[in-house]
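Worksheet: the structure to be examined is printed underneath.
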Amino acid sequence: MSKLFIVPTPIGNLEDITFRAIKVLKEVDVILAEDTRTSGKLLKHFEISTHMQSHHMHNEHKTVNTVVKRLQSGETFALISDAGTPAISDPGFLLSRACIQNNIDIECLPGATAFVPALVNSGLPNDKFVFEGFLPVKKGRQTRLKFLADETRTMIFYESPHKLLKTLGHFAEYFGEDREVSVSRELTKLFEETKRGNVKEILSYYTEKPAKGEIVIIVDGKKVK
C-alpha cells in the first residue's frame with residue numbers, strides 16, 4: 001500500500017535516530033532527501049541502500065505532482081531533511097498537503113527536532129509557547145517584531161550564526177534589553193552550548209565570542225502586570 005513516511009533524522013548526534021526510522025528508511029522504495037550528499041553520509045553510516053531523490057525548497061513545487069502520481073501507483077516514499085523533522089522550517093508541507101488532498105496515507109514518525117531540547121533547557125516557561133522559526137530577512141521583519149513585542153507566551157526562533165548579533169540587537173530594540181533569553185547552539189554535538197541571561201548580557205557575550213553552528217533562541221514572553 002502506498003504511503004508517505006515523514007522521518008526525523010538526527011540534528012547532530014547520530015545516536016539520536018530511532019530504530020523505527022532506520023527500519024522505514026530501509027524498507028521504502030524511495031527516500032526524498034533535502035540534500036542527497038548530506039543524507040548520503042547518514043544512510044551509509046546505517047547501511048541503508050535505498051534509492052534517494054532530491055527534494056528541497058528550490059524544486060519541491062515542481063516535484064510534488066510527480067511524487068504524488070508515483071505514490072498513487074503503489075510506491076512508498078520517506079521524506080527526510082538534512083536534520084530534524086521535515087516541514088519544521090524545512091521542506092515537507094507542500095508534499096504532505098498534496099498527499100492529504102489526494103487521499104494518500106501519511107505517517108509521521110516521532111524524533112529529533114531542535115526547538116524542543118532548547119525550550120526545555122532554557123529554564124523559561126514552557127507550558128505555553130509559540131514557534132516563530134526564522135524571522136523575515138528584510139520585508140516584514142520590523143512588522144513581525146513589533147507584533148511579537150506584546151506576545152506573552154515564550155517564543156522560539158531559529159537563527160544562523162552570522163545573523164545572531166543582528167537579531168539580538170533587534171530583540172533589545174523591540175523587546176527591551178532586560179528581556180530574558182536563552183541561546184542554544186550545536187545541540188547534541190560535541191561543542192553544545194546554552195547561554196542564559198537578559199538580551200543585553202547575551203548580546204555582549206556573543207559580541208566577544210562569535211557564535212558558530214545552528215542556533216535556537218528562546219525568548220521570554222512579555223510579563224503581564
Side-chain angles (χ1 to χ4, degrees), residues 1-120 129-134 156-158 160 184 186-189 192 213-216:
M1 182 181 294
S2 62
K3 180 182 284 190
L4 172 67
F5 292 91
I6 299 176
V7 182
T9 54
I11 60 174
N13 192 321
L14 293 181
E15 294 181 0
D16 289 335
I17 198 167
T18 66
F19 293 121
R20 184 179 170 204
I22 295 171
K23 182 175 184 291
V24 168
L25 293 176
K26 286 183 175 180
E27 292 179 350
V28 294
D29 296 310
V30 182
I31 296 172
L32 299 174
E34 185 178 4
D35 187 326
T36 55
R37 294 166 299 181
T38 299
S39 296
K41 298 174 184 177
L42 176 73
L43 300 192
K44 183 179 180 181
H45 181 82
F46 290 105
E47 299 180 345
I48 300 169
S49 58
T50 307
H51 174 70
M52 277 192 297
Q53 179 179 317
S54 179
H55 183 85
H56 49 73
M57 63 179 294
H58 301 295
N59 74 356
E60 60 178 335
H61 285 85
K62 298 178 181 178
T63 59
V64 163
N65 289 336
T66 301
V67 173
V68 167
K69 288 179 181 178
R70 291 179 64 179
L71 282 161
Q72 289 174 324
S73 72
E75 291 186 85
T76 55
F77 280 72
L79 173 67
I80 61 176
S81 61
D82 289 346
T85 301
I88 304 296
S89 293
D90 276 323
F93 166 70
L94 292 178
L95 180 57
S96 61
R97 182 179 63 178
C99 287
I100 291 169
Q101 291 171 341
N102 287 275
N103 296 314
I104 296 169
D105 286 341
I106 301 176
E107 190 170 334
C108 183
L109 279 61
T113 189
F115 79 80
V116 173
L119 173 62
V120 174
F129 58 88
V130 55
F131 177 78
E132 286 292 319
F134 290 97
I156 303 169
F157 300 89
Y158 284 168
S160 60
S184 293
E186 294 288 78
L187 286 166
T188 79
K189 300 178 183 178
E192 176 178 336
E214 298 301 314
I215 292 168
V216 185

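Small disclaimer: the values here were computed from a predicted structure and weren't measured.
- Looking only at distances, no side-chain donor or acceptor of S81 sits under 3.5 Å from a matching main-chain atom of P8.
- One distance of note links CD1 of I6 with CG of L32; it measures 10.5 Å at 0.5 Å rounding.
- Residues passing the ring pair (Phe, Tyr, Trp, His ring centres under 6.0 Å) test with F46: none are found, sequence neighbours excluded.
- Under the side-chain contact (heavy atoms from CB on, under 4.5 Å) criterion, E132 pairs with V130, R144, L148, F157, sequence neighbours left out.
- Here the NZ-OG1 distance, from K41 to T36, works out to 11.0 Å after rounding to the nearest 0.5 Å.
- Under the side-chain hydrogen bond (donor to acceptor under 3.5 Å, both in side chains) criterion, S184 pairs with T194, not counting sequence neighbours.
- Proximity of a side-chain donor or acceptor of T76 to a complementary backbone N or O of V28 within less than 3.5 Å is not detected.
- Here the straight-line distance linking atom CD of E34 with atom NE2 of H55 works out to 9.5 Å at 0.5 Å rounding.
- Qualifying ring pair (Phe, Tyr, Trp, His ring centres under 6.0 Å) partners for F77, counting only residues two or more places apart in sequence or in other chains: none.
- Taking CD1 from I11 and OG1 from T188, the interatomic distance works out to 4.5 Å, rounded to the nearest 0.5 Å.
- In this structure, the side chains of V67 and L71 come closer than 4.5 Å at one or more pairs of heavy atoms.
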Run the side-chain donor-acceptor check on residues 83-95: report pairs under 3.5 Å with partners two or more places apart or on a different chain.
residue : atom : partner : partner atom : Å
T85     : OG1  : A112    : O            : 2.9

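- Here the CG-CD1 distance, from L25 to I31, works out to 4.5 Å after rounding to the nearest 0.5 Å.
- Scanning for side-chain hydrogen bond (donor to acceptor under 3.5 Å, both in side chains) contacts around S96 gives an empty result, with sequence neighbours left out.
- Nearest approach of D82 to T38, heavy atoms of both residues: OD1-CB, 4.0 Å.
- Looking at residues two or more places apart in sequence or on another chain, you find a side-chain contact (heavy atoms from CB on, under 4.5 Å) between N59 and S54, H56, T63.
- For D105, there are no side-chain hydrogen bond (donor to acceptor under 3.5 Å, both in side chains) partners, not counting sequence neighbours.
- Within 6.0 Å of CD on Q101 lie more than 12 heavy atoms contributed by other residues, nucleotides or ligands.
- Residues N102 and A98 approach most closely at ND2-O, 2.7 Å, considering heavy atoms.
- For residues 10-27, the set of pairs meeting the side chain to side chain donor-acceptor pair (under 3.5 Å) definition, not counting sequence neighbours, comprises R20-E107, K23-E27.
- The salt bridge (Lys or Arg N to Asp or Glu O under 4.0 Å) test applied to E192 returns no partner, not counting sequence neighbours.
- Using a 4.5 Å cut-off on side-chain heavy atoms (C-beta onward), L43 and T50 make no contact.
- Between Y158 and F115, the two ring planes are tilted [angle within 30° to 60°].
- Here salt bridge (charged side-chain N to carboxylate O under 4.0 Å, His left out) pairs that include residues 60-77, with residues two or more places apart or in two chains, are R70-E75.
- S39 meets the side-chain hydrogen bond (donor to acceptor under 3.5 Å, both in side chains) test with no other residue; sequence neighbours excluded.
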